[in-house]
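Just so we're on the same page: letters track the sequence lines, and every chain starts at 1.
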Amino acid sequence: DTAVSQTPKYLVTQMGNDKSIKCEQNLGHDTMYWYKQDSKKFLKIMFSYNNKELIINETVPNRFSPKSPDKAHLNLHINSLELGDSAVYFCASATANEQFFGPGTRLTVL
Amino acid sequence: QKEVEQNSGPLSVPEGAIASLNCTYSDRGSQSFFWYRQYSGKSPELIMFIYSNGDKEDGRFTAQLNKASQYVSLLIRDSQPSDSATYLCAVFRGGADGLTFGKGTHLIIQP
């Protein structure tokens with residue numbers, strides 16, 4: 001009965017590959033987010049989706065594309081992975097007052 | 001540009017003492033303010049949120065907000081070793097905007 005789940009938990013891949021991270025929430029929230037936490041632990045928003053519509057994109061390279069097949073899912077697809085993409089990626093689901101974070105996906109690009 | 005500033009620490013506090021964590025923000029349009037705790041290798045966990053000037057208490061935690069000074073703080077009373085973590089301050093403008101986080105303060109409670 002996990003509120004926000006992500007898969008995979010760990011992802012190790014070569015430069016240039018394309019990969020996806022999946023996120024699902026069972027809270028019935030309308031808004032979901034993707035955050036990136038870099039090696040210095042700085043957590044920064046990447047995307048938000050509200051009712052399957054992209055609301056903001058915080059200067060993220062277009063190699064990153066969020067995809068939402070339905071309100072409960074917000075997946076992150078990354079093309080042509082680069083070394084600098086190595087980070088922990090967190091999905092979150094939100095009410096007006098609280099954001100619930102998933103467990104994170106640690107991406108390592110070799 | 002929206003910014004949230006925190007002292008990165010580490011902040012070392014003896015067990016049983018009060019830990020005081022501070023945060024300033026630049027966006028005067030911010031409406032809600034959050035404190036998250038993050039243990040190493042784990043996801044952020046909400047400790048408290050506040051949106052009105054003044055104090056808000058929840059158990060050992062008190063959040064303080066001063067919008068005029070653009071300042072938010074978190075007090076942890078009777079600090080325990082299990083409180084050792086990184087504390088992230090975050091602000092929210094409203095609507096579908098995401099949270100803007102500070103870089104976090106690393107808190108160490110010494111037994």
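A:F100 does not touch chain B: none of its heavy atoms, backbone or side chain, sits under 4.5 Å away. Heavy atoms closer than 4.5 Å to chain B are found in the side chain of A:F90, but not in its backbone. Of the two parts of B:Q38, only the side chain, counted from C-beta on, holds a non-hydrogen atom closer than 4.5 Å to a non-hydrogen atom of chain A.
Enclosure of atom NZ in B:K42 is not indicated, since only 12 or fewer non-hydrogen atoms of other residues, nucleotides or ligands lie within 6.0 angstrom. The number of heavy atoms from other shown groups lying within 6.0 Å of NZ (A:K22) does not exceed 12. Heavy-atom neighbours of B:Y51 OH from other residues, nucleotides or ligands within 6.0 Å: at or below the threshold of 12.
Across all their heavy atoms, B:G98 and A:I45 have their closest contact at CA-CD1, 3.1 Å. Closest of all the heavy-atom pairs between B:S43 and A:G102 is CB-O, 3.0 Å.
Hydrophobic clustering (side-chain heavy atoms under 4.5 Å, transitive across Ile, Leu, Val, Met, Phe, Trp, Tyr) keeps B:I18 apart from B:I50. By the criterion of side-chain heavy atoms lying less than 4.5 angstrom apart, applied directly or through intervening Ile, Leu, Val, Met, Phe, Trp or Tyr residues, B:I47 is grouped together with B:Y25 in one hydrophobic cluster. There is a path of hydrophobic side-chain contacts, each under 4.5 Å, that joins B:L46 to B:L88. Under a hydrophobic-cluster definition in which Ile, Leu, Val, Met, Phe, Trp and Tyr are linked whenever side-chain heavy atoms come within less than 4.5 Å, directly or via other members, A:Y89 and A:L54 are assigned to the same cluster. In this structure, B:F34 is not a member of the same hydrophobic cluster as B:F61, with clusters built from ILVMFWY side-chain heavy atoms closer than 4.5 Å.
Ranked by heavy-atom pairs under 4.5 Å with chain B, the list A:K41, A:E98, A:R106, A:K40 is led by A:E98.
At a heavy-atom separation below 4.5 angstrom, chain A is approached by B:L99, B:F101, B:G102, B:K103 within residues 99-111 of chain B.
Residue pairs meeting the disulfide (SG to SG under 2.5 Å) criterion with at least one member in residues 60-89 of chain B, sequence neighbours excluded, are B:C23-B:C89.
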